[in-house]
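Values below: every heavy atom of this structure, side chains too, minus hydrogens, waters and symmetry copies. If you're wondering where the values come from, they're calculated on a predicted model, not measured in any experiment. If you read the sequence from its start, that first residue is 1, and numbering goes on from there.
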Amino acid sequence: MKTGQQHIAGLRDGRAVFIDGRRVDDTTRHPAFRRAIHSVGKLFDFAADEANRELMTFATPTGDRANRIWQLPESFDELRQRRTALEAWGGLHAGFLGRAPDHVASCIAGMYMGLDQFEAYDKDRAKALSDYYAYARDNDLYLTYVIINPQADRSKSAAQQKDAFLTTGVVDQDAEGITVRGAKMLATGGIMADEVFVTCIQPLQPGDEIYALSFAIPMNSKGLQILSRKSYEESSQSVFDNPLSSRFDENDAVLYFDDVKVPWDRIFVYKNLEMCQKQFHATPAHVYQNYQAMVRLSVKLRFLIGMARRIAETNGVLGFPQVRETLGQLAAEGGMVDAFVAAMEIKGTKYGRYYVPDRHTLYAAQTLTQQLYAKVLNTLRELAGGGMIMLPSSVQDLANPEIAALVEKTQQSPAAGALDKVKFYKLAWDAVGSEFASRHQQYEMFYAGATFVTKNHSFRTYDWDSAGGLVSQMLSSYELADELKTSQAA
């Protein structure tokens, strides 16, 4: 188990990060990234703390202890135990780190559970995956992934784009490995990660074979360029004014592979369209990684629902029937998400020796929560009214005794002092209305894919035979001939 300090030191590895027209010398000290990186460091400190040993670690086959993010549950109890650890980790960032280390670890672990699929495809690639899982687990790695092709002409396949290497593809191969060139998105958390898993979750077409890859490499690999989006952290200098965006802006980045060499022992799929899809959907990977995402989202919704009640208390309207009705609706929706997570576990099934969450329950949850998140944010806006807007311009107002006195007079609440009210509403705005919050709304809408993607996952995994069987059973319980005989007799 590595500490936060060890993780942060490992990020000073010469990786090529670009923001605002310049290359960053040290991301761990740059104002665009440093606080978020230290927030990730706290996750590793929490997991490595001896007091959290039973909660956050499990025994590996070698007898060592490893982070539960890499655990391969073999029973319902082990799956639930791992979920408890994920919830504890998620609570440290209230679910706002969508690509915290537990997400892609869940993906790689799920792929490893389906090692039989890789062995049937190519034993060398299966060994590469098996060895990499053990390496990542034993070194407590933080992985991001890039599994989406750049948005260009969406009506055409990767091979049909104007630039043959807009999307990351193979340009060469030799005894040592392959050389890849092109772009991939969306490396959420990549600036803070140790390594990146590169593949394509979107269906590829015949002719796209050079893009049908799956591999993992360090973020400081020669030729790998990391193009950061705008940093919300950099414009959020005060934690008091922006408590979330100043510390949990995990960042997103486009990765460009400028003739990057990938060794064979890091390659899991090579030029195989079918296996690119099977690595996710024929193994537990897609379910396991998105089960983690739903655990994280349940924590995040719990945080937002708690904020909703605090808004009502702060404004002195908790006793209003219509407000209690609104809070009751939110509580029901939060309970629904918690129930989905529990149902995924209870309805779980065995994949070989491993116990994995129920596939359709997961996709049902994703379909509904994509619609739910924006609704929850809008409900918080309605409860708060102008409270989240009419706030002191910055913490500097409170440093001026004359202005602070006016704040004391104008920011009144029956449940909190003026400064506590301001502190709370600064947090609420950062979660609901800031640019950081807007990015999170977009993220929760699309991290699982467009809505038609999740709905189609739900369609293809639903037990239509059981539902159709009930219809057939009812239809077979009566016959027209019998009805005619009864009618004629009458």
Side-chain angles (χ1 to χ4, degrees), residues 16 18 98-99 103-104 107-108 111 143-173 178-191 193 195-217 219 221 223-229 250-262 266-282 285-286 289-290 293 366 370 439 442-443 445-457:
F18 298 90
R99 288 289 183 267
H103 183 73
V104 181
C107 176
I108 299 295
M111 288 168 59
L143 274 72
T144 186
Y145 62 21
V146 281
I147 59 177
I148 302 295
N149 296 333
Q151 290 183 341
D153 187 343
R154 300 291 289 273
S155 69
K156 296 179 180 178
S157 69
Q160 294 171 338
Q161 301 297 322
K162 290 181 180 180
D163 181 353
F165 290 100
L166 170 67
T167 292
T168 302
V170 181
V171 295
D172 193 18
Q173 71 175 79
I178 64 173
T179 300
V180 296
R181 182 188 303 158
K184 276 285 186 177
M185 25 185 305
L186 192 63
T188 302
I191 288 163
E195 301 205 358
V196 57
F197 172 47
V198 184
T199 189
C200 188
I201 198 170
Q202 297 160 301
L204 296 169
Q205 307 299 321
D208 289 343
E209 284 77 10
I210 67 168
Y211 314 107
L213 306 170
S214 176
F215 61 87
I217 57 172
M219 291 297 294
S221 295
L224 176 54
Q225 300 177 12
I226 306 163
L227 309 176
S228 172
R229 64 152 164 79
E250 60 191 338
N251 211 278
D252 310 282
V254 171
L255 300 189
Y256 187 77
F257 297 83
D258 188 5
D259 289 0
V260 175
K261 190 66 177 278
V262 184
R266 289 300 196 96
I267 300 170
F268 318 131
V269 176
Y270 182 62
K271 290 186 177 180
N272 191 294
L273 303 178
E274 181 184 14
M275 195 59 202
C276 239
Q277 287 296 295
K278 290 180 73 173
Q279 69 179 330
F280 288 107
H281 299 295
H286 197 251
Q289 74 186 47
N290 284 298
Q366 287 190 314
Q370 279 182 315
R439 178 263 176 196
Q442 195 78 0
Y443 178 85
M445 288 172 63
F446 289 102
Y447 81 83
T451 56
F452 74 87
V453 173
T454 53
K455 289 171 184 175
N456 273 283
H457 286 326

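Side chains of Phe280 and Ile147 form a contact here, defined as non-hydrogen atoms less than 4.5 Å apart. At a threshold of 4.5 Å between non-hydrogen side-chain atoms, the residues Phe18 and Ile226 do not count as touching. Gln366 has its side chain within reach of Asn290: a pair of non-hydrogen atoms, C-beta onward, lies under 4.5 Å apart.
Between the side chains of Gln279 and Ser214, at least one donor-acceptor pair of N or O atoms lies under 3.5 Å.
Atom-to-atom distance recorded for Ile148:CD1 and Gln202:CD is 4.0 Å, nearest 0.5 angstrom. Atom OH of Tyr145 sits about 13.0 Å away from atom CE of Met185, to the nearest 0.5 Å.
In this structure Tyr256 satisfies the ring-ring contact (aromatic ring centres under 6.0 Å, His included) test with no other residue, sequence neighbours excluded. Residues that satisfy the side chain to side chain contact (heavy atoms under 4.5 Å, CB included) test with Gln173, not counting sequence neighbours, are Ile178, Trp264, Tyr270, Lys271. With sequence neighbours left out, Tyr443 forms a side chain to side chain donor-acceptor pair (under 3.5 Å) with Arg99.
Distance alone, capped at 3.5 Å, places no donor-acceptor pair between the Arg181 side chain and the Asp259 backbone. Remark: side-chain polar atoms of Thr168 are paired, donor with acceptor, to backbone N or O of Ala183 under 3.5 angstrom. Not one N or O on the side chain of Gln160 forms a donor-acceptor pair closer than 3.5 Å with the backbone of Ser155. Without hydrogens or angle criteria, Gln225 side chain to Asp258 main chain gives no donor-acceptor distance under 3.5 Å. Judged by distance alone, with hydrogens and angles left aside, the side-chain atoms of Thr188 form no donor-acceptor pair with the main-chain N or O of Asp252 at under 3.5 Å. Put simply, the side chain of Glu195 never gets that close to the backbone of Met219: no donor and acceptor are under 3.5 Å apart.
Taking the six-membered ring for Trp and thresholds of 30 and 60 degrees, Tyr211 and Phe165 have ring planes more than 60 degrees apart, a perpendicular arrangement. Using bins of under 30°, 30° to 60° and over 60° for the plane-to-plane angle, the ring pair Phe197/Phe268 lands in the tilted bin.
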Test side-chain contact (heavy atoms from CB on, under 4.5 Å) on Val180 and Phe215; report intermediate values, then the result. CA-CA 11 Å; Val180 296; Phe215 61 87; 4.1 Å; yes
Starting from the C-alpha separation in whole Å, work towards a yes-or-no answer on side-chain contact (heavy atoms from CB on, under 4.5 Å) for Ile217 and Val260. CA-CA 10 Å; Ile217 57 172; Val260 175; 3.8 Å; yes
Could you walk me through whether Val170 and Leu213 pass the side-chain contact (heavy atoms from CB on, under 4.5 Å) check? CA-CA 8 Å; Val170 181; Leu213 306 170; 3.4 Å; yes
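Taking each heavy atom of Ala448 and Gln370 in turn, the nearest pair found is CB-NE2, 4.4 Å. Of all non-hydrogen atoms in Leu186 and Val146, the two that sit nearest each other are N-CG1, 3.9 Å. Between Ala193 and Leu143, the shortest heavy-atom contact is CB-C, 4.2 Å. Heavy atoms only, all atoms of each residue included: Cys107 and Gln289 are closest at SG-OE1, 3.0 Å. Across Val198 and Lys184, no two heavy atoms sit closer than the pair CG1-CG, 4.2 Å. Closest approach of Cys200 to Gln277, counting heavy atoms only: O-NE2, 4.1 Å.
Applying side-chain contact (heavy atoms from CB on, under 4.5 Å) to Asn149 and the options Asp208, Ile201, Leu204 leaves one that passes, Leu204.
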